[in-house]
Amino acid sequence: MERLQMPGCDFDPKELLELLKELLRLDRRWIPDGDGYSLYIRPTVIATHPYLGLAAPTDLLLYVITCPVGPYYPTGFQPISLLASSEYLRAWPGGTGGNKIGGNYAPT
């Protein structure tokens, strides 16, 4: 969040982890059993400042969405072999491509 110039980048990540644990405790009945089933966890940050413009946000809302999910493929998961290489990078050094943010999708 610091690289994105968002306020609140000084939050305690250990506290966020504790809050996530509490959320999972509260949502434990939604955690599915079975091979290929899991609980999808999506932390999200949005700006909530009262104006529209090109500037760093003054207010943010951090929230987490959870949702039970099942297998993606009806015939089961068929793993494949992949080669990971550091020779070709998806993100430019110093950019945001290494982070999951909405701005990465704007050019597409």
Side-chain angles (χ1 to χ4, degrees):
M1 290 190 1
E2 185 175 356
R3 173 176 275 171
L4 301 175
Q5 297 183 359
M6 292 183 168
C9 62
D10 58 345
F11 74 91
D12 182 358
K14 291 179 184 175
E15 181 65 21
L16 178 59
L17 189 58
E18 290 304 313
L19 292 170
L20 282 169
K21 288 178 186 177
E22 178 64 13
L23 174 62
L24 294 175
R25 187 188 67 73
L26 292 171
D27 280 356
R28 69 181 171 270
R29 63 190 168 100
W30 289 99
I31 301 173
D33 285 331
D35 195 28
Y37 293 85
S38 62
L39 186 69
Y40 178 75
I41 304 170
R42 167 66 73 161
T44 305
V45 176
I46 60 170
T48 57
H49 53 260
Y51 59 86
L52 181 61
L54 298 175
T58 57
D59 300 296
L60 296 176
L61 175 64
L62 168 64
Y63 60 96
V64 179
I65 299 169
T66 61
C67 178
V69 295
Y72 286 111
Y73 307 103
T75 58
F77 181 67
Q78 302 295 323
I80 61 171
S81 297
L82 297 174
L83 171 66
S85 170
S86 59
E87 184 178 354
Y88 302 103
L89 301 177
R90 173 185 171 275
W92 188 262
T96 60
N99 300 297
K100 183 124 179 121
I101 64 169
N104 292 341
Y105 304 97
T108 60

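Worth knowing before you read on, the calculation uses all heavy atoms, side chains too, and leaves out hydrogens, waters and symmetry mates.
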Spacing of [X] atom [atom1] and [Y] atom [atom2] [to the nearest 0.5 Å]:
X	Y	atom1	atom2	value
Arg25	Ile31	CZ	CD1	11.5 Å
Leu60	Thr44	CG	OG1	12.5 Å
Glu18	Leu16	CD	CG	10.0 Å

Who passes ring-ring contact (aromatic ring centres under 6.0 Å, His included) against Tyr63, sequence neighbours left out?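 If we apply the ring-ring contact (aromatic ring centres under 6.0 Å, His included) test to Tyr63, skipping adjacent residues, there are no hits.
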
Shared ILVMFWY cluster between Leu19 and Ile65, side chains joined below 4.5 angstrom?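 Different clusters: Leu19 never reaches Ile65 through Ile, Leu, Val, Met, Phe, Trp or Tyr contacts under 4.5 Å.
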
Assess whether side-chain contact (heavy atoms from CB on, under 4.5 Å) is satisfied between Val64 and Ile41, documenting all intermediate values. CA-CA 7 Å; Val64 179; Ile41 304 170; 3.7 Å; yes

So which atom in Pro32 and which in Ser38 form the shortest heavy-atom distance, rounded to 0.1 Å?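 Closest approach of Pro32 to Ser38: CG-O, 3.3 Å.
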
Ignoring hydrogens, what is the shortest heavy-atom contact between Asp35 and Pro71? Give both atom names and the distance.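 Closest approach of Asp35 to Pro71: O-CG, 4.1 Å.
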
Indicate whether the side chain of Thr66 and that of Asp27 have a donor and an acceptor atom separated by less than 3.5 Å.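 Note: Thr66 and Asp27 side chains meet the donor-acceptor criterion.
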
Sub-4.5 Å side-chain heavy-atom contact between Leu39 and Leu24: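 A side-chain contact exists here, since the closest heavy-atom pair is under 4.5 Å.
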
Stepwise side-chain contact (heavy atoms from CB on, under 4.5 Å) test for Thr48 and Ile46: CA-CA 6 Å; Thr48 57; Ile46 60 170; 4.3 Å; yes

Leu52 atom CG: more than 12 heavy-atom contacts under 6.0 Å: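 Result for CG/Leu52: open.
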
Would you list the pairs meeting ring pair (Phe, Tyr, Trp, His ring centres under 6.0 Å) in which at least one residue belongs to residues 14-49, sequence neighbours left out?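 Checked against ring pair (Phe, Tyr, Trp, His ring centres under 6.0 Å) - neighbours excluded - the pairs reaching residues 14-49 are His49-Tyr51.
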
